[in-house]
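Lettering of chains follows the sequences in order, A, B, ..., and the numbering in each one begins at 1. Keep in mind that what you see is a predicted model, and the values were worked out from it rather than measured.
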Amino acid sequence: MRSITVDTIIENVKEMCIEANYRLSSDMETGIRSACDRENSTVGRHVLEQLVENLDIAEKEMIPICQDTGMTVVFVTIGQEVHIEGGSLEEAINEGIRRGYREGYLRKSVVSDPLIRENTRDNTPGIIHYNIVPGDRFEITIAPKGFGSENMSRIYMLKPADDEEGVKQAVLETVKSAGPNACPPMVVGVGIGGSFEKCALLAKYALTRDINIRSDKPHIRRLEEELLAAINSLGIGPAGLGGVITALAVNIETYPTHIAGLPVAVNIGCHVNRHVTRSI
Amino acid sequence: MDKVITTPLVKEIAEKLTAGEQVYITGTIYSARDAAHKRMYEAIARGEDPPFPIKNSIIYYMGPSPARPEQVIGSAGPTTAGRMDKYTPVLLDMGLMGMIGKGTRSIEVIEAMKRNGAVYFAAPPGAGALLSKCIKKARVIAYDDLGTEAVHELYVEGFPAVVAIDAKGNNLYAQIG
C-alpha cells in the first residue's frame with residue numbers, strides 16, 4: 001500500500017493546469033514550427049508564422065497561448081494499492097483546478113448549469129476519468145479543452161457493413177464541416193469501437209497521444225496515415241484560409257465492439273492541443 | 001501594401017474592402033460574445049439602448065483570460081463567430097459596420113452584411129498572446145457580472161486581420177476546400 005496525500009494531488013494539478021496553458025508539449029510545438037516549411041500557401045504560411053510567434057510570446061511574457069484555457073479534462077490512472085490520504089480524490093483534483101486557474105490567470109469558462117448558464121468563476125468542475133489498474137501507480141493527465149474545436153466534434157453509429165470506408169467518410173465529413181471553426185492545423189482524435197460513450201472517450205484520449213507516435217496496430221497505423229494525407233488534401237489549411245497543413249496528426253484508438261455496431265467518434269483538437277502528464 | 005483600417009469604420013471605407021485582403025485595425029473596438037449578445041439583443045427588443053454605439057462600430061468576438069497586474073489584458077484571440085449569427089442581423093441593420101472573429105457565418109448574416117455594406121474580418125485563431133500585444137487599453141463598460149463575457153471597450157493598434165467576407169458577400173472561406 002502506498003499513500004498519497006490530497007495536498008500533493010492539489011499542488012500537482014494546480015501546476016499542471018498552468019503549465020498546459022502556457023507551453024505546448026514538445027511534439028506539438030515542433031509540429032507547428034516544422035509545418036511552416038511544409039506549407040505552400042502564402043496566407044497559410046503567414047498564419048503558421050503568427051502561431052509560432054504566439055507560442056514564443058506566451059512563454060516569454062506569461063500570457064496563455066489561447067484565451068480559451070478550456071474545460072479541464074483529467075485522466076487519472078490509479079493503482080489498486082494506492083491510498084489517498086486526507087480527503088476526497090475528486091475534491092482534491094477540483095481544488096487543484098480552482099487554484100491553477102486562479103493563480104495562473106487562466107480564464108474561467110465553466111457554467112454550472114447548461115441551460116441557466118451561470119459561470120462557476122473557478123473553472124470547476126473538471127471532467128475526470130478514472131482508470132483503475134493493478135499495482136501502486138498514480139498518474140494524472142491534465143488536458144484543457146477549448147470549445148471552438150470541441151463544438152465541431154461528431155459521433156457516428158455506423159453499421160458493420162460501412163466498414164473502413166465508412167470510418168474514413170465519417171472522419172473526413174467531420175473535418176470538412178469543422179473547417180475554420182476548429183482552429184486548424186488540428187489534431188484529429190478518433191475512437192473506433194466500444195459503445196456510444198466508450199468511443200467518444202477513446203477519441204478524447206487519442207488527443208493526448210504524442211503526434212509523432214502511430215498506432216501499434218498495422219491496419220490502424222495505415223488508416224491514420226491515409227486519413228492524414230486525405231485531410232491535408234482538402235485544402236482547408238491553417239486558420240481555414242487555404243493550404244496543405246490542415247491537420248498535424250490523426251490519432252486513432254480502438255476497442256472491441258458489438259457484432260451489430262461500428263461506433264466512430266471524432267474529437268477535433270485545435271492547434272493548441274494541450275496535455276501534461278505526471279506520475280506521482 | 002498593408003492596409004490600415006481606423007475606427008469608427010464608415011460604409012464608404014468598408015464597402016471598398018475585398019475578401020482576402022490583409023488589414024491592420026487601429027482605434028476603439030468592442031468585445032462581445034455569446035452571453036453579451038443575448039443580453040444586448042434582448043435589451044434592443046425591449047427598446048433599450050445597447051451598451052455602446054452600434055453605428056459604425058466594430059465588434060470583436062472575444063472573451064479574454066484575466067490580466068496579470070502589469071498587463072492591459074490577458075490572452076485575447078477570436079472566438080467562433082457563427083455562434084453570434086442569431087443576434088447579428090439586428091445589429092447590422094442598426095449600422096454595425098465590422099465584426100472580428102473566426103469561422104464561417106450564416107446566409108442571414110451575409111445577406112444583412114450586403115444590405116448594410118458591412119465586413120467580417122478573421123483574426124488569427126488561437127493566437128491570443130500575440131493579439132493581446134495589439135490591445136493598448138481595455139476596460140469593462142457593461143455586463144460586469146458576466147466575467148470574461150462582459151463587454152470591453154478596447155483600443156487596438158495594428159490589429160492583424162483578414163477580410164473573410166466582404167460587403168458584396170464574397171466569402172474567402174467558401175472559396176477554399
Taking side chain as everything from C-beta outward and backbone as N, CA, C, O, which of these in [X] sits under 4.5 Å from a heavy atom of chain A? Side chain, backbone, both or neither.
| X | answer |
| --- | --- |
| B:Ala35 | neither |
| B:Pro78 | backbone |
| B:Thr104 | both |
| B:Gln71 | side chain |
| B:Ala127 | both |

Heavy atoms from other residues, nucleotides or ligands near [atom1] of [X] exceed 12 (cutoff 6.0 Å):
| X | atom1 | result |
| --- | --- | --- |
| A:Phe75 | CZ | yes |
| B:Arg83 | CZ | yes |
| B:Ile13 | CD1 | no |
| B:Lys16 | NZ | no |
| B:Asp144 | CG | no |

Give me the atom names and distance for the closest heavy-atom approach of [X] to [Y].
| X | Y | result |
| --- | --- | --- |
| B:Pro125 | A:Ala239 | CD-CB, 3.5 Å |
| A:Pro64 | B:Ser75 | O-OG, 2.7 Å |
| A:Arg121 | B:Gly147 | NH2-N, 3.9 Å |
| A:Gln67 | B:Ser65 | CB-N, 4.0 Å |
| A:Gly148 | B:Lys102 | CA-NZ, 3.7 Å |

Given B:Pro66, B:Gly103, B:Ala67, the one with more heavy-atom pairs under 4.5 angstrom with chain A than any other is B:Pro66
Heaviest contributor of heavy-atom pairs below 4.5 Å to chain A, chosen from B:Gly101, B:Pro124, B:Gly126, B:Gly20, is B:Gly126
Let me know if [X] has heavy atoms under 4.5 Å from chain B in its side chain, its backbone, both or neither.
| X | result |
| --- | --- |
| A:Lys108 | both |
| A:Leu241 | both |
| A:Asn21 | neither |
| A:Arg117 | neither |

Looking only at A:Asn119, A:Val272, A:Leu106, the option with the highest number of non-hydrogen pairs under 4.5 Å against chain B is A:Leu106
Residues of residues 53-61 of chain A with a heavy atom under 4.5 Å from any heavy atom of chain B, in residue-number order, are A:Glu53, A:Asn54, A:Ile57, A:Ala58, A:Glu61
Stepwise side-chain contact (heavy atoms from CB on, under 4.5 Å) test for A:Asn151 and B:Thr80: CA-CA 10 Å; A:Asn151 281 340; B:Thr80 307; 5.9 Å; no
**Item:** Candidate pair A:Asp68 and B:Thr79, rule side-chain contact (heavy atoms from CB on, under 4.5 Å), full reasoning
**Value:** CA-CA 8 Å; A:Asp68 185 354; B:Thr79 196; over 6 Å; no
Donor-acceptor contact below 3.5 Å, side chain A:Arg107 vs main chain B:Gly63 | yes
Would you compute the distance between atom [atom1] of [X] and atom [atom2] of [Y] and round it to the nearest 0.5 angstrom?
| X | Y | atom1 | atom2 | value |
| --- | --- | --- | --- | --- |
| B:Tyr173 | A:Ile236 | OH | CD1 | 12.0 Å |
| A:Cys66 | B:Leu130 | SG | CG | 12.0 Å |
| B:Asp145 | A:Glu118 | CG | CD | 9.0 Å |

Next on the checklist: Assess the residue pair B:Lys133 and A:Ile63 against the criterion (side-chain contact (heavy atoms from CB on, under 4.5 Å)); give the C-alpha distance rounded to whole Å, side-chain angles, the decisive distance to 0.1 Å, and a yes or no.
Outcome noted: CA-CA 10 Å; B:Lys133 307 302 287 176; A:Ile63 303 169; 4.2 Å; yes
